[in-house]
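Following: one structure in structure tokens, then a few remarks.
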Amino acid sequence: MSAPAINAQRLLDSLQELGACGALPGGGVNRLAFSDADRLGRDWTVARMRALGMTVSVDGIGNGVAVYPGSEELPPVMMGSHIDTVRTGGLYDGNLGVLAGLEVIATLRDAGLRTRRPLAVAFFSNEEGARFQPDMMGSLVYVGALPLAQALDTSGIDGATVGDELQRIGYRGTAPVGQPQVDSFIELHIEQGPVLHQQGLPIGVVEGVQGISWTEFTLEGNANHAGTTPMALRRDAAYAAACITTFVHDLALRYGGRQIATVGSIQLTPNLINVIAQRAVLTVDLRNTDEAMLARAELEVLAYAQQTAAAQGVTCRQRTLARFEPVAFDPALVNLVEQQARALGLATLRLPSGAGHDAQMLSRVCPTAMIFVPSVDGLSHNVREFTTPEHLAQGAQVLLQVVLKLANRPQSALDF
Ligand code: HGY
Ligand code: MN
Ligand code: MN
């Protein structure tokens with residue numbers, strides 16, 4: 001089956017339309033998981049799926065899965081990603097993978113083509129993990145690695161629970177999680193890093209995803225008067241938090257290689273100019289493609305946090321918010337992505353993903369691979385996130401070609 005061309009304008013228009021759900025004044029999107037804006041985005045996406053003649057199911061964690069029948073009753077080839085965003089989100093992170101999947105369906109439908117295997121397009125709940133940890137929560141439940149009840153009980157940074165919020169927005173579905181079991185999963189996503197843009201390359205062939213470690217540290221000191229308390233008598237939680245923040249950054253520089261480290265959130269209590277902080281709650285995000293180095297970094301940060309707290313007369317508690325080991329995608333699928341991109345005359349580069357993705361979870365249950373397109377200046381989780389229309393269209397065309405090969409292959413083995 002030769003591949004028809006996707007309709008680039010329709011894809012671009014759909015990204016703009018979905019981007020209107022939770023649009024920020026001046027650009028960008030805020031569609032935190034299970035918020036009212038997330039509901040708007042879900043409603044829009046489900047309506048789009050139904051308009052394409054797909055049957056849509058919503059499971060207990062709010063994952064939406066739409067299926068476009070094939071000529072045979074076989075496990076579907078799945079495309080998809082997420083439509084929740086961080087507070088300072090862009091138009092493309094996650095959304096591209098879902099909407100390009102729907103563009104593939106629309107293109108095949110326009111051409112009157114039906115693949116042997118059914119095709120599915122999914123949006124997985126709470127990929128970002130910004131409001132409720134861990135990230136990739138919906139796909140983690142989908143693959144059976146996080147019990148649904150535990151996910152529903154999770155409290156977010158604003159005190160709400162996942163279950164209550166899903167109920168409130170009307171997406172606590174009844175479909176069993178993990179259904180349908182899929183043949184394979186292909187996720188198109190923006191790189192969110194600088195590599196493809198800097199090298200002027202249109203397609204990234206993603207070989208895997210690096211490991212992720214998220215830890216929350218709670219430091220309890222003693223609130224006291226900023227003007228009367230001698231330095232030697234202070235138990236300053238903010239100072240201890242600042243020491244840990246600096247240590248984490250310097251550790252990544254000291255390790256080098258692919259080690260990265262981020263303190264993205266520090267909450268001080270009472271957070272007032274003339275009160276020595278009683279409490280500091282900070283999050284540490286460590287990542288590395290090398291699991292042994294990541295584990296070593298975790299231990300170093302924990303030891304330093306405990307030593308620093310003790311030296312400042314501050315107590316230190318920690319809680320793991322997410323912990324995923326590096327994953328490698330299916331080599332046959334990775335080769336297929338590379339081959340199909342090159343067949344389109346597109347230059348490619350093999351690289352690991354710095355960001356976490358739902359594909360990281362789906363790779364536990366089926367052959368999985370990802371396609372990257374460039375992020376201008378490597379910007380993401382920033383309202384100025386941008387990918388050129390040309391690259392968006394090229395990425396969607398590669399997705400279509402890969403999916404056609406997968407869905408029409410005569411045998412179950414991944415030889416093409
Ligand atoms: O944090 C991540 O890598 C992803 O955006 N959830
Ligand atoms: Mn994403
Ligand atoms: Mn993201």
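First listed ligand is number 1; within each ligand, the first listed atom is number 1. Side-chain atoms are counted along with the backbone in the values below, which use heavy atoms only and exclude waters and symmetry mates.
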Checklist entry - Cation over ring, Arg42 on Phe34, under 6.0 Å and within 45°? => result no
Item to check | Pair His391-Thr388, side-chain donor/acceptor within less than 3.5 Å | outcome: yes
Next on the checklist: For Gln192, state whether at least one heavy atom is located under 4.0 Å from any atom of ligand 1.
Outcome noted: no
Next on the checklist: Ignoring hydrogens, what is the shortest heavy-atom contact between Met136 and Ser139? Give both atom names and the distance.
Outcome noted: O-OG, 3.2 Å
Next on the checklist: What verdict does the side-chain contact (heavy atoms from CB on, under 4.5 Å) test give for Thr88 and Glu385, after you've listed the backbone C-alpha separation in whole Å, the side-chain angles of each residue and the deciding distance to 0.1 Å?
Outcome noted: CA-CA 10 Å; Thr88 54; Glu385 175 182 283; over 6 Å; no
Checklist entry - Under 4.0 Å from any heavy atom of His381, which atoms of ligand 1 are there? => result 5 (O)
Item to check | Metal check, the Mn ion (ligand 3) vs Glu128 N/O/S, cut-off below 2.8 Å | outcome: yes
Checklist outcome for this item: A student checking ligand 1 against Asp135 at a 4.0 Å heavy-atom cut-off should list atoms 1 (O), 2 (C), 6 (N)
Checklist entry - So is His357 close enough to ligand 1, meaning a heavy atom under 4.0 angstrom away? => result no
Checklist entry - Starting from atom 1 (O) of ligand 1, which protein heavy atom do you reach first, and at what distance in Å? => result Arg287 NH2, 2.9 Å
Item to check | Contact flag His381/the Mn ion (ligand 3), N/O/S atoms, threshold under 2.8 Å | outcome: yes
Next on the checklist: Once you restrict to heavy atoms under 4.0 Å, what part of Glu127 touches ligand 1? Side chain, backbone, both or neither.
Outcome noted: both
Next on the checklist: Using 2.8 Å as the threshold, say whether any N, O or S atom from Asp93 sits that close to the Mn ion (ligand 2).
Outcome noted: yes
Checklist entry - Is it true that some N/O/S atom of His189, main chain or side chain, lies under 2.8 Å from the Mn ion (ligand 2)? => result yes
Next on the checklist: Using side-chain hydrogen bond (donor to acceptor under 3.5 Å, both in side chains), reason through Gln133 and Trp214 one step at a time and then give a plain yes or no.
Outcome noted: CA-CA 9 Å; Gln133 292 83 31; Trp214 283 1; over 6 Å; no
Checklist entry - Closest non-hydrogen protein atom to atom 5 (O) of ligand 1, residue and atom name please, with distance? => result Glu128 OE1, 2.9 Å
Checklist entry - Looking at ligand 1, does Trp214 have a heavy atom less than 4.0 Å from it? => result yes
Item to check | Phe217 side chain reached by Cys316 side chain, heavy atoms, under 4.5 Å | outcome: yes
Next on the checklist: Evaluate Ser213 against Glu298 for side-chain hydrogen bond (donor to acceptor under 3.5 Å, both in side chains), listing each step before the verdict.
Outcome noted: CA-CA 8 Å; Ser213 159; Glu298 281 177 315; 2.7 Å; yes
Checklist outcome for this item: Here the atoms of ligand 1 under 4.0 Å from any heavy atom belonging to Ala355 are 3 (O)
Next on the checklist: Would you compute the distance between atom OG1 of Thr215 and atom CG of Asp285 and round it to the nearest 0.5 angstrom?
Outcome noted: 9.0 Å
Checklist entry - How about His381 and Glu128: does a side-chain donor come under 3.5 Å of a side-chain acceptor? => result yes
